[in-house]
Amino acid sequence: MKVAMFLPLLLVLALNTEPLLAAEPEPVVDKQGNPLVPGVGYYVWPLWADDGGLTLGQTRNKTCPLDVIRNPSFIGSPVAFFAEGLGHIPTLTDLTIDFPVATVCNQPTVWRLSKQGAGFWFVSTRGNPEDITSKFKIERLEGDHAYEIYSFKFCPSVPGTLCAPVGTFEDVDGTKVMAVGDNIEPYYVRFQKVAINEKKPFSIV
């Protein structure tokens with residue numbers, strides 16, 4: 001694991017750091033209550049709609065790599081999750097998250113944290129599952145709800161590293177980019193499994 005080169009970036013204390021999450025991991029479930037399966041595509045939708053899902057897009061640099069965005073007028077792109085050595089996707093566990101789609105960038109679509117400024121990062125792509133900047137967690141919202149509610153967190157299981165929620169940042173052009181930083185609140189989501197016979201209703205720039 002390439003820890004040494006990334007620790008200086010992650011130890012910037014512009015954001016609060018937290019101890020490693022202590023609650024017991026539990027299976028993450030989709031809208032139908034079924035556990036998420038590694039490597040299977042899921043739409044990541046906001047709580048209030050069955051569209052507006054996560055996808056990929058060009059943001060500030062208008063070039064590659066693509067960043068993770070939320071498109072309110074689009075169903076979203078399938079997202080796949082992987083937990084090393086596990087046959088299910090648990091909460092509070094280091095995950096590799098990927099968009100299993102082809103893009104014009106011809107680069108890995110694994111999520112990674114990409115520094116944009118002091119104490120501020122975009123969730124981008126071209127990640128490496130072995131790198132600490134590509135380790136994300138899913139966290140369940142505590143309490144009684146009609147269905148399970150989740151959010152993403154950048155919180156690698158390495159003591160002393162950054163631990164903060166992934167939320168939405170509206171850029172100057174109105175693009176809603178998934179980000180980590182000061183005043184970024186958790187973005188709460190549900191998961192919908194992509195139907196086996198469903199045609200891909202999207203194209204990635």
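We number each residue from 1, following the sequence as shown. Just so you know, these numbers come straight off a predicted model, no measurement behind them.
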Ring centres under 6.0 angstrom apart (Trp111, Phe152): yes
Partner of Asp171 under salt bridge (charged side-chain N to carboxylate O under 4.0 Å, His left out), chosen from Lys62, Arg60, Arg70: Arg60
Heavy-atom closest contact (Asp50 atom, Ile75 atom, distance): O-CG1, 4.3 Å
Residues that Arg140 engages under salt bridge (charged side-chain N to carboxylate O under 4.0 Å, His left out), provided they are two or more places apart: Glu26, Glu142, Glu148
pair Ile89-Pro38: side-chain heavy atoms closer than 4.5 Å: yes
Donor-acceptor under 3.5 Å (Lys135 side chain, Pro129 main chain): yes
Same cluster (ILVMFWY, side-chain, under 4.5 Å), Leu86 and Ile138: no
Residues Thr55 and Asn71: side-chain donor-acceptor under 3.5 angstrom: no
Note, Thr91 side chain near Tyr150 side chain (heavy atom, < 4.5 Å): yes
Main-chain N/O of Cys155 paired to Lys137 side chain as donor or acceptor, under 3.5 Å: yes
Same cluster (ILVMFWY, side-chain, under 4.5 Å), Val40 and Phe82: no
Contact summary for Phe136 and Ile97, nearest pair of heavy atoms: CB-CD1, 3.7 Å
Sub-4.5 Å side-chain heavy-atom contact between Leu66 and Phe99: no
Shortest non-hydrogen contact from Pro100 toward Asp98: CD-O, 3.4 Å
Main-chain N/O of Phe122 paired with Ser114 side-chain donor or acceptor, under 3.5 Å: no
Rounded distance [0.5 Å steps], CD1 in Ile69 versus CG in Leu54: 9.0 Å
For Thr125, all residues meeting side-chain hydrogen bond (donor to acceptor under 3.5 Å, both in side chains), sequence neighbours excluded: none
Minimal non-hydrogen separation, Ile184 against Thr168, with atom names: CD1-O, 4.1 Å
ring-ring contact (aromatic ring centres under 6.0 Å, His included) contacts in which one or both residues fall within residues 161-189, not counting sequence neighbours: Phe120-Phe169
Geometric class of the Phe191/Phe81 ring pair [parallel <30°, tilted 30-60°, perpendicular >60°]: perpendicular
Distance-only polar pair, side chains of Thr175 and Asp173, donor-acceptor under 3.5 Å: yes
Any donor-acceptor N/O pair, Arg190 side chain to Ala49 backbone, under 3.5 Å: yes
Same apolar cluster (I L V M F W Y, side chains within < 4.5 Å links), Trp48/Val44: yes
Disulfide bond (SG atoms under 2.5 Å apart) pairs, two or more places apart, involving residues 23-88: Cys64-Cys105
Side-chain touch Glu84/Asp94, heavy atoms, less than 4.5 angstrom: no
Closest approach of Gly41 to Pro78 (non-hydrogen atoms, all atoms of both residues): CA-CB, 4.1 Å
Inter-residue atom distance Trp121.CH2 - Ser124.OG, 0.5 Å rounding: 14.5 Å
Pairwise distance CG(Asn34) to OH(Tyr42) - rounded to 0.5 angstrom: 7.5 Å
Joint hydrophobic cluster, Leu36 plus Leu95, side-chain heavy atoms closer than 4.5 Å: yes
Residue pair Arg112 / Ser134: nearest heavy atoms and the distance that separates them: CB-OG, 3.5 Å
Contacts of Asp30 that satisfy salt bridge (charged side-chain N to carboxylate O under 4.0 Å, His left out) - sequence neighbours left out: none
Audit row: Val68, Val166, side-chain contact (heavy atoms from CB on, under 4.5 Å) steps and yes/no: CA-CA 11 Å; Val68 181; Val166 175; over 6 Å; no
Flag if over 12 foreign heavy atoms under 6.0 Å of CD, Gln32: yes
4.5 Å side-chain heavy-atom contact, Val110 and Asp131: no
Spacing of Arg126 atom CZ and Thr103 atom OG1 [to the nearest 0.5 Å]: 11.5 Å
Qualifying residues under salt bridge (charged side-chain N to carboxylate O under 4.0 Å, His left out), relative to Asp51, sequence neighbours excluded: none
Between NZ on residue Lys115 and OG1 on residue Thr133, distance to nearest 0.5 Å: 12.5 Å
Heavy-atom side-chain proximity of Glu185 to Pro165 below 4.5 angstrom: no
Check: Asn128 side chain, Glu130 main-chain N or O, donor-acceptor pair, under 3.5 Å: yes
